[in-house]
*Asks:* 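Take a look at this one; I'll ask things after.
Here is the naming used below: chain letters follow the sequence lines, and residue numbers restart at 1 for every chain.
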There are 2 protein chains.
Amino acid sequence: MKSEHIPKATIERLAVYLQILGNLGRDGVNIISSDKLAQACKVNPSQIRKDLAYFGEFGVRGVGYYIQELITAIKQSLGIDRHWYCALVGVGNLGRALLRHNEFARRGFIIRGAFDCDQDKIGKVESGLEVICSKRLKTKVRDLGLEIGIITTPPERAQRAADYLVESGIKGIINFAPARIAVPEPIPVEYVDYFHQFYALAFHITLSQHRA
Amino acid sequence: MKSEHIPKATIERLAVYLQILGNLGRDGVNIISSDKLAQACKVNPSQIRKDLAYFGEFGVRGVGYYIQELITAIKQSLGIDRHWYCALVGVGNLGRALLRHNEFARRGFIIRGAFDCDQDKIGKVESGLEVICSKRLKTKVRDLGLEIGIITTPPERAQRAADYLVESGIKGIINFAPARIAVPEPIPVEYVDYFHQFYALAFHITLSQHRA
DNA sequence: TTGATTTTGTTACTTTTTTCACAAATCAGC
DNA sequence: GCTGATTTGTGAAAAAAGTAACAAAATCAA
Ligand SMILES: NC(=O)c1ccc[n+]([C@@H]2O[C@H](COP(=O)([O-])OP(=O)(O)OC[C@H]3O[C@@H](n4cnc5c(N)ncnc54)[C@H](O)[C@@H]3O)[C@@H](O)[C@H]2O)c1
Ligand SMILES: NC(=O)c1ccc[n+]([C@@H]2O[C@H](COP(=O)([O-])OP(=O)(O)OC[C@H]3O[C@@H](n4cnc5c(N)ncnc54)[C@H](O)[C@@H]3O)[C@@H](O)[C@H]2O)c1
């Protein structure tokens with residue numbers, strides 16, 4: 001099919017499929033039908049086939065999907081069949097935790113530059129990376145080939161961090177600070193805030209209690 | 001309006017509105033129109049009015065919304081105008097980080113029980129909480145009035161942790177482990193995995209590069 | 001080789017969500 | 001207290017997303 005616009009929800013589901021396929025693969029399963037996968041993901045089987053159809057034909061009729069092939073196909077579709085070099089801005093509690101979290105490298109997101117504006121932090125080494133003055137972002141983004149910016153500053157500094165990143169020629173931003181940021185049109189921004197999930201949970205619990 | 005079913009997307013947006021209204025409120029703004037708020041959130045103004053209409057009438061025609069009142073109204077709608085006592089299961093790197101993160105209490109999610117199955121960890125004190133054997137979840141959930149379970153075990157243990165929590169009478173679960181869990185029908189589960197956002201970002205960057 | 005069986009890919013249909021458009025409400029100025 | 005300028009709340013229209021249904025492809029038993 002290979003269509004133009006792809007729903008945001010499809011991208012989210014592809015990430016879920018990937019997670020479940022990974023677990024199945026590790027359990028030694030080789031082939032799965034859209035029906036079985038749908039059960040595991042709690043979605044409609046047509047939904048899975050349609051989501052995949054946006055990117056190509058990955059299954060075998062009458063058989064199903066070869067799990068390893070499908071994983072490869074989804075990774076390719078999402079653009080995670082490669083490494084992404086990242087710049088982390090704001091080496092505080094959260095920043096340090098992320099720098100230490102090996103899962104990033106394992107999944108292909110390699111934090112190759114750590115930046116802060118605090119003189120006390122600049123020059124210190126954290127998880128093998130020297131903390132660099134955020135004023136020097138531009139040179140480093142170019143020299144190290146950084147493409148993704150990770151913002152872990154306090155919320156009131158997030159916009160400034162974003163401005164630095166954009167000016168440096170970064171291609172996309174993940175913002176962990178609980179503040180919206182404004183960036184020029186073509187640069188995508190994703191927000192990470194797990195309180196959203198806590199709110200959603202509180203809402204659902206309250207709702208079901210209200211019904212009872 | 002006060003309608004029955006509320007879109008998942010609406011709940012997500014309410015969390016965003018709340019964030020932005022909070023920042024505006026701190027900046028000393030008292031009143032805002034759906035148009036202005038929409039600009040700040042990058043959504044359609046009708047969208048905001050409709051989202052709010054699911055829960056009631058909170059604005060004043062010809063004037064706009066009183067920020068403090070609107071914040072209160074949204075918190076009430078989401079069910080976060082109160083405290084929620086939480087059980088954290090799995091006191092490892094992430095678990096400890098969450099226990100130390102004051103923001104939880106500040107937002108009304110109070111982690112009141114920390115559980116682990118590792119004998120070496122049980123009995124130790126972490127952020128003022130004694131780590132308790134997960135076998136004792138049932139008693140503690142009842143005695144401490146815990147309503148939300150937070151899973152921070154390795155992925156292969158997430159299902160077991162979920163089973164314990166469900167059996168203990170927990171009302172909802174937040175799962176930080178990258179694995180889907182199965183729970184009986186009425187219990188809501190929310191998943192936290194920031195790699196989904198990294199995947200989405202990689203996808204969007206790849207897409208825009210492909211177009212260029 | 002044929003026919004029965006399975007399961008995909010895709011089109012047609014249904015439902016949900018978003019956007020538009022405007023009457024109803026509010027307020028400031030005269 | 002009326003007039004004009006705003007801005008909400010909501011029903012109707014449009015767009016998008018999700019589901020169902022089925023032809024096309026693959027496999028396997030006979
Ligand atoms: N700590 C957590 O567990 C946690 C969890 C979720 C979200 N967050 C969010 O992540 C952000 C960071 O939290 P934290 O606890 O690490 O805070 P922190 O104060 O420990 O760290 C912030 C760091 O950012 C640096 N900084 C400030 N302005 C900067 C700038 N313009 N350029 C570069 N660096 C700058 C500071 O020097 C500091 O080192 C906050 O927005 C917080 O709300 C934190
Ligand atoms: N470390 C991070 O920054 C990070 C970030 C995002 C997600 N995660 C996810 O969070 C989870 C925990 O990560 P971590 O780094 O803290 O791992 P960890 O190994 O440090 O901690 C896991 C803890 O869970 C306990 N545990 C195991 N089975 C249990 C059970 N059945 N009941 C109660 N406790 C049990 C273990 O004893 C251990 O203390 C993992 O699934 C990981 O993928 C971690």
*Asks:* Just the rounded figure in Å: distance from C1' of dT8(D) to CZ of R61(B).
*Replies:* 5 Å

*Asks:* Take a 6.0 Å sphere around NE2 of H83(B) and say whether it holds more than 12 heavy atoms from other residues, nucleotides or ligands.
*Replies:* no

*Asks:* Restricting to ring-ring contact (aromatic ring centres under 6.0 Å, His included), what partner residues turn up for F176(B), sequence neighbours left out?
*Replies:*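 For F176(B) the ring-ring contact (aromatic ring centres under 6.0 Å, His included) partners, ignoring immediate neighbours, are Y194(A).
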
*Asks:* Could you check how far CZ of R49(B) sits from P of dT19(C), rounded to whole Å?
*Replies:*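 In whole Å, dT19(C) P and R49(B) CZ are 12 Å from each other.
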
*Asks:* Establish whether the base of dT17(C) is bridged to the side chain of K50(B) by a donor-acceptor pair shorter than 3.5 Å.
*Replies:*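 It does not, because no donor-acceptor pair links the side chain of K50(B) to the base of dT17(C) below 3.5 Å.
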
*Asks:* What is the distance from NZ of K8(B) to P of dT17(C), rounded to the nearest Å?
*Replies:* 12 Å

*Asks:* State, with a plain yes or no, whether a side-chain heavy atom of I181(A) is found less than 4.5 Å away from one of Y191(A).
*Replies:*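 Yes; the side chains approach each other to less than 4.5 Å.
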
*Asks:* Return whichever of P7(A) or V60(B) has its heavy-atom-nearest nucleotide of DNA chain D closer to the 5' end.
*Replies:* V60(B)

*Asks:* Let me know the distance between OH of Y65(A) and P of dA25(D), rounded to the nearest Å.
*Replies:* 16 Å

*Asks:* Figure out the CG/P separation between L70(A) and dT7(C), and round it to whole Å.
*Replies:* 16 Å

*Asks:* Between G64(B) and T10(A), which has a closest nucleotide on DNA chain D that is more 5'?
*Replies:*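 The 5'-side residue here is G64(B).
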
*Asks:* Starting the side chain at C-beta, find the nucleotide from dA26(D), dT18(C), dT17(C) nearest to R13(B).
*Replies:* dT18(C)

*Asks:* What is the distance, rounded to the nearest whole Å, between atom CG of L52(B) and atom C1' of dT19(C)?
*Replies:* 16 Å

*Asks:* In terms of ring plane angle, is the pair Y199(B) and H196(B) parallel, tilted or perpendicular, where the classes change at 30° and 60°?
*Replies:* parallel

*Asks:* Rounded off to whole Å, could you give me the CZ-to-P distance for the F55(B) and dT10(D) pair?
*Replies:* 14 Å

*Asks:* Going by the rule side-chain contact (heavy atoms from CB on, under 4.5 Å), which residues pair with A38(A) if we only count those two or more places apart in sequence or in a different chain?
*Replies:* V43(A), P45(A), I48(A)

*Asks:* Give me the atom names and distance for the closest heavy-atom approach of P178(B) to N23(A).
*Replies:*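 Nearest pair, atom of P178(B) first, then N23(A): O-ND2, 4.0 Å.
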
*Asks:* For F58(A) and dA26(D), give me the distance from atom CZ to atom P, rounded to whole Å.
*Replies:* 16 Å

*Asks:* Quick one: sort the F195(B) and F198(B) rings into parallel, tilted or perpendicular, breaks at 30° and 60°.
*Replies:*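 Aromatic pair F195(B)/F198(B) classed tilted.
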
*Asks:* Mind listing the residues from residues 24-48 of chain B sitting with a heavy atom below 4.0 Å of DNA chain C? Number order is fine.
*Replies:* N44(B), S46(B), Q47(B)

